[in-house]
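Bear in mind that the values here come from a model prediction, so they are computed numbers and not experimental data. This chain uses plain numbering: 1 for the first residue, then up along the sequence. What's counted below: heavy atoms across the whole structure, side chains too, no hydrogens, waters or symmetry copies.
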Amino acid sequence: MTIEEAEKYYKDFMGDSYLMWHETGSEKTKEFHDMNISDEVLAKWDEDILEKRFEWLSELDDRAWHYHVDILRVLELGHIQDITGYVKRLLDAMEEMPDKIDQDNRINIIENMRDDTPFHRSPVRMICERTPYGLRMDIIMRKIMDFKCIDEPESVGFFRGKASDEARKQEYVEKYNQAFAKYFKG
């Protein structure tokens, strides 16, 4: 594997070793890891990924929640040491969301921000412990969570089974609130 191939491979899977292994097998994943690419190079690749995701997030379209969680996942990789600027940009984008995204996106954003999930560690913990933006995050999240769900047919999700949108929202709001209470020390 050349360094160019490694970069494409890394970016295709947003640096997620599990996805690399799951999608391409252990041999290719090992080949990538055996290259021992420095954290500085991985941080540069993470920055490239983040720039693309921020560009897509700025559209605030029906996939806003997906770009939001992608940004959180990349920041959680830990290659970028000072995440403050990126978290500020993410919060700036989130501040615009309440009036511009639909109910499903809002519920999914709340889900993204709950405590540890099957896909990532607590973004609330990351923001509270590694940036000065814990309180700002909470103020923005309160605005995102401030809506009443419109009655819709029950939705089905991979991890949640059947649940109404209001039930999903309330579950994620509670999990977010628990995470904020646990990690915010301000």
Side-chain angles (χ1 to χ4, degrees), residues 1-94 105 108-134 137 141 156-161 172 175-176 178-180 182-185:
M1 179 178 292
T2 66
I3 192 71
E4 293 80 13
E5 291 169 334
E7 179 178 4
K8 180 177 180 344
Y9 183 67
Y10 182 88
K11 289 178 178 180
D12 284 350
F13 295 104
M14 293 188 326
D16 188 316
S17 292
Y18 173 76
L19 287 177
M20 291 175 186
W21 168 82
H22 187 267
E23 297 298 321
T24 65
S26 57
E27 189 173 312
K28 187 162 184 177
T29 304
K30 182 179 179 332
E31 181 181 359
F32 172 80
H33 287 292
D34 285 349
M35 292 184 73
N36 293 316
I37 299 167
S38 72
D39 278 341
E40 292 79 21
V41 170
L42 295 175
K44 170 65 176 103
W45 293 351
D46 287 350
E47 290 170 357
D48 293 343
I49 295 167
L50 288 169
E51 289 307 318
K52 181 56 80 179
R53 293 314 187 277
F54 274 112
E55 178 185 323
W56 294 342
L57 181 63
S58 70
E59 300 296 322
L60 293 177
D61 62 16
D62 62 346
R63 293 190 42 90
W65 71 271
H66 192 275
Y67 309 135
H68 177 267
V69 78
D70 284 353
I71 290 166
L72 292 171
R73 287 179 185 163
V74 171
L75 291 175
E76 290 167 357
L77 291 173
H79 302 120
I80 298 173
Q81 294 305 303
D82 184 5
I83 63 168
T84 305
Y86 289 109
V87 170
K88 181 186 180 309
R89 284 175 66 187
L90 182 60
L91 293 175
D92 290 347
M94 289 171 65
N105 262 292
N108 288 327
I109 293 289
I110 300 164
E111 179 182 17
N112 292 349
M113 295 299 291
R114 66 189 171 130
D115 212 353
D116 297 329
T117 73
F119 297 114
H120 58 82
R121 294 177 301 278
S122 175
V124 173
R125 180 180 184 175
M126 175 181 66
I127 292 169
C128 287
E129 291 181 353
R130 296 183 60 198
T131 78
Y133 296 125
M137 171 198 63
M141 285 300 295
V156 177
F158 184 72
F159 291 105
R160 64 181 172 265
Y172 301 144
K175 288 181 178 182
Y176 166 80
Q178 289 170 354
F180 186 73
K182 183 175 12 175
Y183 298 117
F184 184 67
K185 306 295 182 209

Set of residues satisfying ring-ring contact (aromatic ring centres under 6.0 Å, His included) with respect to F13, sequence neighbours excluded: Y9
Which atoms form the tightest heavy-atom contact between T29 and S17, and what is the distance? CG2-O, 4.2 Å
Would you call K44-D48 a salt bridge at under 4.0 Å N-O? yes
Those residues at least two apart in sequence (or on a different chain) that pass ring-ring contact (aromatic ring centres under 6.0 Å, His included) with H22 are Y18
From I83 CD1 over to E129 CD, what is the distance, rounded to the nearest 0.5 angstrom? 10.0 Å
Would you please name every residue forming a side-chain hydrogen bond (donor to acceptor under 3.5 Å, both in side chains) with S58, sequence neighbours left out? none
Closest approach of M1 to M35 (non-hydrogen atoms, all atoms of both residues): O-CE, 3.5 Å
Sorted by chain and number, sequence neighbours left out, salt bridge (Lys or Arg N to Asp or Glu O under 4.0 Å) with D61 holds for none
Tell me every residue that passes side-chain hydrogen bond (donor to acceptor under 3.5 Å, both in side chains) with N36, counting only those two or more places apart in sequence or in another chain. none
What pair of heavy atoms forms the shortest contact from M113 to P123, and how long is it? CA-CG, 3.8 Å
Under the side-chain contact (heavy atoms from CB on, under 4.5 Å) rule, what do F180 and M137 come out as? Steps first, then yes or no, please. CA-CA 10 Å; F180 186 73; M137 171 198 63; 3.7 Å; yes
Not counting sequence neighbours, which residues clear salt bridge (Lys or Arg N to Asp or Glu O under 4.0 Å) with D34? List them please. K30
Under the salt bridge (Lys or Arg N to Asp or Glu O under 4.0 Å) test, residues paired with E40 that sit two or more places apart: none
Between Y183 and M126, is the side-chain contact (heavy atoms from CB on, under 4.5 Å) condition met? List the steps. CA-CA 9 Å; Y183 298 117; M126 175 181 66; over 6 Å; no
By side-chain hydrogen bond (donor to acceptor under 3.5 Å, both in side chains), which residues pair with Y133, not counting sequence neighbours? none
Check this for me: does any side-chain nitrogen of one of R130 and E76 sit under 4.0 Å from a carboxylate oxygen of the other? no
With Y176 via ring-ring contact (aromatic ring centres under 6.0 Å, His included) - residues at least two apart: none
Side-chain heavy-atom pair V74, D70 within 4.5 angstrom cut-off: no
Distance, nearest 0.5 Å, that separates CG of L90 from OG1 of T131: 10.5 Å
Do the non-hydrogen side-chain atoms of I37 and F32 ever get within less than 4.5 Å of each other? yes
Within the 4.5 Å heavy-atom criterion, are M141 and M94 side-chain neighbours or not? yes
In Å, rounded to the nearest 0.5 Å, how long is the span from SG of C128 to NZ of K182? 11.5 Å
Do you know which two heavy atoms are closest between M14 and L77, and how far apart they sit? O-CD1, 3.4 Å
Pairs flagged by ring-ring contact (aromatic ring centres under 6.0 Å, His included) wherever residues 35-65 is involved - sequence neighbours left out: Y10-W45, W56-Y67
Salt bridge (Lys or Arg N to Asp or Glu O under 4.0 Å) involving D92 - partner list, sequence neighbours excluded: K88, R136
Identify which one of I80, D39, L75, V41 satisfies the side chain to side chain contact (heavy atoms under 4.5 Å, CB included) criterion when paired with D46. I80
Is it the case that over 12 heavy atoms from other parts of the model lie below 6.0 angstrom from the NZ atom of K11? yes
Between T84 and P132, what is the shortest heavy-atom contact and its length? CG2-CD, 3.9 Å
The reported gap from CG in D12 to CD in E5 (rounded to nearest 0.5 angstrom) is 11.5 Å
CG of L57 to CD1 of I71: how many Å apart, nearest 0.5 Å? 5.0 Å
Value for NE2 (H68) from CG (L60), rounded to nearest 0.5 Å, stands at 11.0 Å
side-chain hydrogen bond (donor to acceptor under 3.5 Å, both in side chains) partners of K28, counting only residues at least two apart: none
